[in-house]
Amino acid sequence: MTTETSAPATSDADTTVAAPATPGDSNAPGEDTAHGPSTGISNTKLAMWLFLGSECLLFGGLISTYLLYKTRRGPDNLAIPTDVFDIPFTSISSFVLLMSSLTMVLALAALTRGDNHGARVWLLATSMLGGVFIGGQVYEFTSFLREGVGFTNNPASSAFYALTGFHGVHVSLGIVMLMSLFVASWQGKLRQEHSETVEVVGLYWHFVDVVWIFIFTVIYLVPA
Amino acid sequence: MSTTTSAHEAAADGAPEDAAHEHPEHEHPSDWAYVKIALILAVITAVEVFTYFETVLDWGSFLIPSLLIMMVIKFWLVATWFMHLKFDNPIFSKMFVGGLLLAVGVYVAALAAFEFWA
Amino acid sequence: MTITEPTIEGPKTEGPLELESGREAIAERPLGVLTRPQGGRGWRDWLSTVDHKKIGIMYGVSAMVFFVVGGIEALLIRLQLAVPNGGVLSADVYNQVFTMHGVTMVFLFIMPLAAAFANYLIPLQIGARDVAFPRLNALSYWVWLSGAIFLNSSWIVGGGGADCGWFCYSPNSGVTFSPSHGVDFYAIGLLIAGIASLVSAINLIVTCLNMRAPGMDLFRMPVMTWMLLITQFLLLFALPVITVALFLLMFDRLFDASFFNPDMGADPLLWQHLFWIFGHPEVYIIILPAFGVVSEVIPTFSRKPIFGYTFMVFSGIAIGFMGWGVWAHHMFVSGIGPISVAAFSLSTMFIAVPTGVKVLNWLATMWGGQIRFTTAMLFAVGTVAMFTIGGLSGVTHALAPADTQQTDTYYIVAHFHYVIFGGGVLGLMGGLYYWWPKIFGFMLNERRGKVNFWLMLIGFNLTFGPMHILGLQGMSRRIDTYSSGFGFEFWNMVATIGSFIIAVSVLVLFHNIWKSKREAADLPPPGPDPWDARSLEWMVPSPVPEHNFDEVPTVESLDEWWHRKYSFDDNGKVVQIATAEEAAQDGSAKGVHLPAPSFWPLVLAVGLPLIGYGLIFNLWLCVPGGLLVGMGIFAWALEPVDDPDATHDHDGHDDDDDDHDDDGPDDAELAAAPAAPGDSTAGAPAAPGDKQGGE
Amino acid sequence: MLFRSGPRRRRRPEGLILGLALLLTGCAADAELDTFQDQSETARQINDLAIPVFIVAGVVLVLVCGAILWMSIKNRVPADDDYEGEFPTQISHNNRLEIGWTLGPFVIMVVIAVATLVTHLAINSTEANAIEVEVDGQFETWEPRVVVVGQQWWWEYRYYLTEDVTTDDLGDPWNLPEADIVTAGQMVIPTGEEVELIITSRDVIHSHWIPALNGKKDAVPGLYTPWKIEADEPGVYFGQCTEFCGLSHSRMRMQAVAVTRSDFQDWIHAQMTSATMPTDENSAEYRGMQVFSNFCASCHLVNGLNDGDYNGAETVSGSAPDLTHFASRTTFGGGLFNTYNSDGSLNDDDLAAWIRNPNDVKENYADDLPEGALPRGMPDMGLSERQIDDVIAFLATLGPRPTHAQILATEVE
Ligand code: HEA
Ligand code: HEA
Ligand code: CUA
Ligand SMILES: [Cu+2]
């Protein structure tokens, strides 16, 4: 049995040397040895990525619910969303959302270069594209309702509206954020130094887009 | 267009670095590179939608796998390029991919419990 | 994970904590009463504080309040079951009481108590001034509290508590079978509380990864911090799952959807999967902080380093991972197929392996040590023994065939109280005794502490030990009464007596706190390091000054603080190189800039329950609720930007005295902590401001 | 009488545990739900798996606690922090040891896992044999199979003797195909035969559990879960619903009555005989029948009385116990009350109390309902005492009386 006897990690000598200076003399008031983030990465960005990781489980749950229920018509055999999908229409709005990722990343690129005006334009474009997508979703929902697919019809339609509705709410919040950035930019408060803020909002926006990439394929295109 | 990874790796030796390294501005791709990615995305989407319309080719059992593959490629392109995972600190990828894989694993197992192992 | 690059020093671009000194001019206050508070004395300070220590204390105090609430519910349960055909509670009330007991204890007592330790200790143990996002931290406390109050308000305004059991299986949770509003409160209350935990999980993970002191590699972090970090990851990924489940339940109940209604063709097992995909990680969320406490207390009082630090950390990580693959062991008899049952049975068993590593490493830490049985140590050792009992009964459930006999009996109730109370609660009690002097600046009396411990240990075993027997004798759980003739009488009476002994022990704890506080004036202060401990929080004065560290320490090894006091001579013997008093900081730093307090988290948190009541009673109520939330978010995001002084980037305030708990009203500046728009669900536009000024 | 060993019970080498368990269960003289009193092959297989693991767990526990105690005594030093002894050797780790106690438990768990799988397969496989039963003078081969339906707060057992009804034929639990025999609260099975159970529910989730015979299985609405049951010896085996199912979950009990093959045949005969309706217009039974038609027939089925126009009960679950052979059953109200007194006479007291107001003796949600809501449980019908007596008299005519021995054996507290 090899029992190692030692202080972990460092040699004792080092440890001793590292003993802190006596309080009072070495650290004068205000001489706070500030230290940056230990990993050197931005807190806000890291937080956003963690949040997006967690969102994967949220959307995963909603998507699984839909997949489990997608053909369940309930006892009255009512219509389910797949009956009334309008693939051409949804393809267009999916494409719009996809392209909004491009405008988003261009907004960020512009701002990082210091091109405030370009950033503003692209931000506006992004939120408009998002707005078109939401408009399309509102249209889709109302036409589905007209065609008899109501939220309370059956498990399939409840699950469909819950999933796409949650996604829509995410997009809408994204639009609110983008518009806030746009307004800030307009007021001249959004400048090159703020590109990280735009980047973080962008991450959120792209995430919402990739979720839709998933939804579009798995919910709309994969045949029942 | 430089795709060098962050300066943080260089920091691994523990030497205190100066401010420039502290918050490195990555050399991001040019706008044109982004547009190219978007074009690829557009093309893939077109192919996806095409599978829905065209009736001549018989996709048969290839349909679903090819749709899923195209989906993964799109997902990956957006995440690596537009979300900069390709250029950014790998910690970000770890956090995100961790959540993603966990979600896939857990929910696939749960759905399997309903469908196949029932 | 290999995120181990040493800390980089240099001007930071992030983080509220590195602030320029100097007093800022008082800014305009465009917001009237809600002007950014300056910090003050008394209760207003607590309402607006963003200090992780105060937030930790508030979490802890609130948790103890709910412990009493949940405990009184438990006592009612035990009174009802003391004798056959008990008549203390009606069946209806009994069902509400045990449901609310479970919900209260899990979500409103033990999780927030663990959150209290996480908030208080993580920054201190990694050598940071605060968490990464101080205002988000305040938000998480206030949101949790509003969720907790909301949940319990159903006793008064909801027609009673939820009556569906803490895992609230559908369709029993549907409106048909639970027509009162209790379950609505359950769903919305837990959703609100979930936001809190999610926010704080993100915050604390970023803190652990990004705010470490120079030299504080991940593998120099104390085991406590590690376990808390793993807990935060579990929360991060588990909460969205129950969020989905609760939303769907809410849609079913309030908007007539059909997610869980079998009449509509839904599958009731969906709820079970979603709940337990969350629920099993949840039980490790409960136990890992206690494991952390034990891993700090045992080395300190054995005068040895933790045995096998690396194994300790990796077994914790392994538990965290494996915890995701076992959820259906709660569903062995629920009608999932035999293949699923077999798969989950096997995966469950192997969790015993990493957990066993922990238990055995603790024993090895004590082995050959010099064990000082302080109250904290008694609790820690008690935790090891009691948790082992609970873990072993857990292994017997993992055998799916055996579990068909055990599930939903008191044998399960015995299991989970042994792990939750015997592991989680005893462990955190140990933490309370251990860190009390650090947090409050006076020691809890040891003699009364030991009375507290022994009463609790005895009462606990008398209460829950017999439940093993009752369960195997066939007593089902969640029954409001039982007949005589099944042989349940004797042990039920014993259990009831035991539960009152626990109650007495809790009263002894409260008495001890009160009395020790009064006696403290006559006793010498505990000093920075009363226990001769090992980690960084013991190098700052007790109680911890508001700015934590006078100077952020540079870390050279695991157990940094111990190595600043002791070294080895040529023969490998331990020699003292400095006393604690010599090595410690004296809390005298001046001009350290701390993030400024804010009222917005509180405003935002008040809005959420209003939305909740609105959803249940009258949608119009959602309007003021939504306005409050929206206002909170926007004002929060704009706080720094609105401030003409924001060019200074960070506010600071002079800490004129080293008193930990207030700043004079005079050192006011309006400048803002950098906005922390991490919570994008809330739709906060990210506020510019970290790197540079506004205008 | 713990561990009353049945004749077919094998001896097991767990004298130690047995003694310990006896000690712990103390005065549990008649613990009818005791999981250790296994009376069937399946229950024994489960205990054969569980008990050795209990022993392993006990050993681990003794080792862990022993080590703690030993160190507490041997390594203890005064707690006051002035203790100035020399430091113990600072051992920080030992990889070999640690790998050892990672692998040790791992190996133990592998062994347990294999045993678990074996038992799991065994208790989830069926080897039911078809048996001959005589129904209405015809001999039928019957795959022993009972459809078990839970609802708030009682169990229904359905026997399909004349045709082979499997899960696929059942449709939804609210419209099950008509069965030959329908009982409530008591399931009668022939001894020594494996009987397949198909378990489902008509409202919330319940769980069917007869501890002496087998583990539980949930009754999930919309799902048919397979399970099985068998008993070595004739006898009465108590059970309890074990999934929380609302208000009277604690009062949702049942019994499995195992009888010999010939007794089983007799029971079939009795159950297959329709109830005969009273004809003497002046008799209490006749008046009771009228009361029943007026007040009870909207929920309860009595073959020969209302089977023509019966469409299920006006309750949330759409069901109420089939009372055609009510008097042949020895318990009622979800296994809660005795239909007969110990002396063999009808238990009018409990019956009257039940009909007077069920909610008083077994809590339910059947009275004072909001508009449009259906009852869960049986409502207070507001009958006069006279009507109650009459209806009891009528109920007593429904089906042949059980034997006195049976009454005594199945008695509940
Ligand atoms: C703190 C919370 C906590 C913890 C840590 C655990 C830990 C474990 N739990 Fe427990 N569990 C609960 C809380 C917890 N549980 C709750 C609340 C419920 C009920 C929920 C409800 O229904 O209301 C429950 C229910 C529950 C069930 C479902 C029972 C049922 O309803 O039918 C099962 C089944 O497998 C189970 C198993 C386990 C296992 C295998 C562990 C393992 O992690 C234990 C591992 C530990 C050890 C094994 C001891 C130490 C190890 C050694 C000393 C090494 C040597 C050991 C061996 C070789 C065996 N638990
Ligand atoms: C952290 C988790 C936790 C904790 C600490 C406890 C603590 C206790 N639990 Fe709890 N319990 C659960 C979690 C917990 N429980 C869960 C999840 C369930 C399942 C619920 C369900 O089935 O849905 C459950 C179920 C449960 C049951 C089963 C109910 C049933 O199935 O019908 C019982 C029965 O005895 C019980 C008892 C107790 C007792 C006696 C305590 C005691 O340890 C409590 C001790 C505390 C006190 C006694 C309070 C002390 C304070 C005072 C006394 C102050 C007095 C003040 C004034 C007078 C002003 N619990
Ligand atoms: Cu039925 Cu519990
Ligand atoms: Cu579990």
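Note on naming: letters A, B, ... go to the chains in the order of the sequence lines (proteins, then strands), and numbering restarts at 1 for each one.
Two rings, from D:Phe244 and C:Tyr169, have their centers 6.0 Å or more apart. The distance between the ring centers of D:Phe87 and C:Tyr566 falls below 6.0 angstrom.
Proximity to chain D (any heavy atom under 4.5 Å) is restricted, for C:Val359, to the side chain, taken from C-beta onward. No part of C:Phe301 comes within reach of chain D, as not one of its non-hydrogen atoms sits under 4.5 angstrom from that chain. For chain D, no part of C:Ser315 is nearby; none of its heavy atoms comes within less than 4.5 Å. Residue C:Phe260 does not touch chain D at all, counting heavy-atom pairs closer than 4.5 Å. Contacts of D:Val412 with chain C are absent, with no heavy-atom separation under 4.5 Å from either backbone or side chain. Proximity to chain D (any heavy atom under 4.5 Å) is shown, for C:Gln406, by both the backbone and the side chain. Only the side chain of C:Gln272 has a heavy atom closer than 4.5 Å to any heavy atom of chain D. Contacts of D:Val64 with chain C are made by both backbone and side-chain atoms, with heavy-atom separations under 4.5 Å. Proximity to chain D involves both the backbone and the side chain of C:Pro171, based on heavy atoms less than 4.5 angstrom apart. At a 4.5 Å heavy-atom cutoff, the contact between C:Ser483 and chain D is made by backbone and side-chain atoms alike. Neither the backbone nor the side chain of D:Ile199 comes within less than 4.5 Å of any heavy atom of chain C. Only the side chain of D:Ile123 has a heavy atom closer than 4.5 Å to any heavy atom of chain C. Interface residue D:Thr225: only side-chain heavy atoms are found under 4.5 Å from chain C. Only the side chain of C:Leu269 comes within less than 4.5 Å of a heavy atom in chain D; its backbone stays farther off. In this structure, chain C has no heavy atom under 4.5 Å from any part of D:Thr42. Within the 4.5 angstrom heavy-atom criterion, atoms from both the backbone and the side chain of C:Trp367 approach chain D. For C:Asp532, the part lying near chain D is the side chain, with the backbone staying farther off; criterion is any non-hydrogen pair under 4.5 Å. For C:Ser170, the part lying under 4.5 angstrom from a heavy atom of chain D is the backbone only. With a 4.5 Å cut-off on non-hydrogen atoms, D:Ala113 touches chain C through its backbone and its side chain both.
Side chain to side chain, D:Asn75 and C:Gln370 fail the donor-acceptor criterion of an N or O pair below 3.5 Å. Side-chain contact, C:Arg478 with D:Ser250: no donor N or O sits under 3.5 Å from an acceptor N or O. C:Asp408 and D:Trp209 share no donor-acceptor pair across their side chains, judged by distance under 3.5 Å alone.
Distance alone, capped at 3.5 Å, is enough to place a donor-acceptor pair between the D:His120 side chain and the C:Pro338 backbone. Here the side chain of D:Lys216 pairs a donor or acceptor atom with the backbone of C:Thr404 at under 3.5 angstrom. Using modelled atom types, one side-chain atom of D:Thr35 and one backbone atom of C:Leu472 make a donor-acceptor pair closer than 3.5 Å. Listed for the D:Glu363 side chain is no donor-acceptor partner under 3.5 Å among the backbone atoms of C:Ser90.
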Notebook entry, point to check: Taking it one step at a time, do D:Leu117 and C:Leu346 satisfy side chain to side chain contact (heavy atoms under 4.5 Å, CB included)?
Noted result: CA-CA 8 Å; D:Leu117 277 186; C:Leu346 297 195; 4.0 Å; yes
Next item on the list: Test C:Val395 against D:Met109 for side chain to side chain contact (heavy atoms under 4.5 Å, CB included), laying out the working first.
Entry: CA-CA 9 Å; C:Val395 169; D:Met109 293 322 299; 3.7 Å; yes
Next item on the list: Applying side chain to side chain contact (heavy atoms under 4.5 Å, CB included), run through D:Phe36 and C:Gln473 and close with a yes or a no.
Entry: CA-CA 8 Å; D:Phe36 286 124; C:Gln473 259 176 255; over 6 Å; no
Next item on the list: List the steps and the verdict of side chain to side chain contact (heavy atoms under 4.5 Å, CB included) for C:Phe373 and D:Val77.
Entry: CA-CA 8 Å; C:Phe373 275 108; D:Val77 299; over 6 Å; no
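Ranked by heavy-atom pairs shorter than 4.5 Å toward chain C, the options D:Asn214, D:Val56, D:Asn124, D:Leu374 are led by D:Asn214. Taking chain C as the reference chain and counting heavy-atom pairs below 4.5 Å, the highest number among D:Ala57, D:Ser248, D:Ala67 is found for D:Ala57. Taking D:Gly222, D:Pro370, D:Gly239, D:Pro211 one by one and counting their heavy-atom pairs under 4.5 Å with chain C, the maximum is reached by D:Pro211. Put simply, of D:Lys74, D:Lys217, D:Arg251, the one with the most heavy-atom pairs under 4.5 Å next to chain C is D:Arg251.
Considering all non-hydrogen atoms of both residues, D:Glu86 and C:Lys573 come closest at OE2-CE, 2.8 Å. Here the shortest heavy-atom pairing between D:Asp218 and C:Ser334 reads OD2-CA, 3.4 Å. Closest non-hydrogen pair, C:Pro179 versus D:Arg376, comes out as CD-NH2, 4.0 Å. The nearest pair of heavy atoms linking C:Asn172 to D:Cys245 is ND2-C, 3.9 Å. When all heavy atoms of C:Pro305 and D:Ser92 are compared, the closest pair comes out as CG-CA, 4.1 Å. Across C:Ala91 and D:Leu247, no two heavy atoms sit closer than the pair CB-O, 3.6 Å.
In this pair, C:Tyr411 and D:Phe54 present their aromatic rings perpendicular. The plane angle is above 60°, beyond the 30 to 60° band. Ring geometry for C:Phe350 against D:Phe106 counts as tilted: the plane angle lies between 30° and 60°, on a 0 to 90° scale.
Here C:Phe332 pairs with nothing under the ring-ring contact (aromatic ring centres under 6.0 Å, His included) rule; sequence neighbours left out.
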